[in-house]
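The structure appears below as structure tokens.
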Amino acid sequence: MAMLAAALAACTTPKPIEGAGAGAFSRIGRFALTVNEESGKQNAVQGGFSWSDDGRRYVLDLTNPLGSTEARVEGRPGAASLTKSDGTRLVADNPDSLAEEALGSSVPVSGLRDWLRGKLAAQPEATEVSRDELGRPAAFEQGGWRARLSRYDALGPQLLVLERQEPGRRILLRLVVNQP
């Protein structure tokens with residue numbers, strides 16, 4: 001949480017997303033991440049996000065509440081990187097390990113690629129799946145996360161509530177899509 005808060009406190013913007021073609025999938029919105037410790041301590045951070053995906057590569061920008069991009073996660077098969085606005089860069093084999101290392105808290109970056117489209121991720125297998133009246137995923141468990149998706153538009157859900165229970169803490173991530 002401290003790393004994410006530090007990343008969101010800086011003021012420089014990384015370079016804009018390059019190569020996003022007409023067929024690219026993107027979502028823009030707000031996030032709120034809350035970690036409730038068993039001791040009663042609560043850490044919370046909020047801001048904006050921008051997701052861009054061309055099918056080969058995706059980019060997740062995190063912004064502070066004033067809108068400045070503070071961190072960028074980039075991923076493609078077998079590689080993920082996080083670049084903070086101060087130029088610090090971390091790399092890992094996958095985005096979930098990268099997020100865990102950088103933030104000290106689990107964040108389901110790999111699952112978001114599908115969940116933002118209103119689909120279940122291919123791996124690991126989802127359980128306890130319930131669907132809305134149109135057959136779209138409404139709630140499920142996948143990769144240790146309990147997900148609730150709602151307010152669908154043509155591209156996917158506009159509200160994603162993701163919850164994870166870990167020993168000694170509960171993580172709640174809420175994403176609200178403002179525009180495609």
Side-chain angles (χ1 to χ4, degrees), residues 1 4-5 7-8 17 20 23-37 42-55 57-75 80 82 94-96 98-100 102-166 169-180:
M1 287 302 296
L4 182 57
L8 294 175
I17 298 169
F25 173 82
S26 67
R27 296 298 251 177
I28 298 170
R30 302 179 320 272
F31 75 89
L33 176 66
T34 306
V35 178
N36 293 303
E37 303 288 340
Q42 183 182 69
N43 294 306
V45 67
Q46 59 187 354
F49 73 91
S50 174
W51 183 279
S52 177
D53 191 334
D54 68 7
R57 174 182 100 114
Y58 60 88
V59 177
L60 170 62
D61 284 331
L62 299 175
T63 63
N64 66 24
L66 298 176
S68 295
T69 303
E70 306 303 341
R72 170 173 282 178
V73 176
E74 296 181 75
L82 178 135
N94 66 70
D96 295 337
L98 179 68
E100 179 85 31
L103 306 176
S105 291
S106 181
V107 176
V109 179
S110 61
L112 286 176
R113 187 171 207 180
D114 292 311
W115 300 346
L116 282 166
R117 288 183 165 107
K119 301 187 305 186
L120 302 173
Q123 294 294 324
E125 184 176 351
T127 61
E128 300 183 35
V129 179
S130 66
R131 297 186 180 273
D132 68 10
E133 63 280 354
L134 297 176
R136 302 172 298 202
F140 55 89
E141 287 193 28
Q142 191 168 37
W145 289 87
R146 179 80 185 143
R148 293 187 314 265
L149 313 180
S150 60
R151 295 192 213 160
Y152 276 83
D153 65 11
L155 296 177
Q158 292 183 299
L159 177 61
L160 297 87
V161 179
L162 311 171
E163 184 176 356
R164 181 181 183 101
Q165 188 69 47
E166 295 180 346
R169 66 183 178 172
R170 178 179 162 254
I171 302 168
L172 183 66
L173 176 61
R174 181 181 168 101
L175 302 169
V176 178
V177 174
N178 296 332
Q179 56 185 307

So if I apply the ring pair (Phe, Tyr, Trp, His ring centres under 6.0 Å) rule between Trp51 and each of Tyr58, Phe25, Phe31, which one comes out positive?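 The residue from Tyr58, Phe25, Phe31 that satisfies ring pair (Phe, Tyr, Trp, His ring centres under 6.0 Å) with Trp51 turns out to be Tyr58.
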
Looking only at the side chains, is there a donor atom on one of Asn36 and Arg169 sitting less than 3.5 Å from an acceptor on the other?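 Side chains of Asn36 and Arg169: no pair found under 3.5 Å.
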
So, does Thr63 use its side chain to make a donor-acceptor pair with the main chain of Gly48 at under 3.5 Å?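 Side chain of Thr63 to backbone of Gly48: a pair is present.
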
Output yes when a side-chain donor or acceptor of Gln142 lies under 3.5 Å from a complementary backbone atom of Pro124, and no otherwise.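 Pair found, side chain donor or acceptor close to backbone of Pro124.
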
Any chance you could measure Ser52, atom OG, to Ile28, atom CD1, to the nearest 0.5 Å?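 Separation between the atoms: 9.0 Å.
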
Could you check whether any side-chain heavy atom of [X] comes within less than 4.5 Å of a side-chain heavy atom of [Y], counting everything from C-beta outward?
X      : Y      : value
Arg131 : Pro137 : yes
Glu163 : Val161 : no
Leu112 : Leu175 : yes

What verdict does the salt bridge (Lys or Arg N to Asp or Glu O under 4.0 Å) test give for Arg164 and Glu166, after you've listed the backbone C-alpha separation in whole Å, the side-chain angles of each residue and the deciding distance to 0.1 Å? CA-CA 6 Å; Arg164 181 181 183 101; Glu166 295 180 346; 2.9 Å; yes

Considering residues, nucleotides and ligands other than [X], do more than 12 of their heavy atoms fall under 6.0 Å from its [atom1]?
X      : atom1 : value
Arg113 : CZ    : yes
Arg146 : CZ    : yes
Gln42  : CD    : yes

Under a 4.0 Å N-O cut-off, is there an ion pair linking Arg27 with Asp53?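 Salt bridge flag = no for Asp53 with Arg27.
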
Ala80 to Asn94 - nearest heavy-atom pair and separation: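 Smallest interatomic distance, heavy atoms only, reads CB-C, 3.6 Å.
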
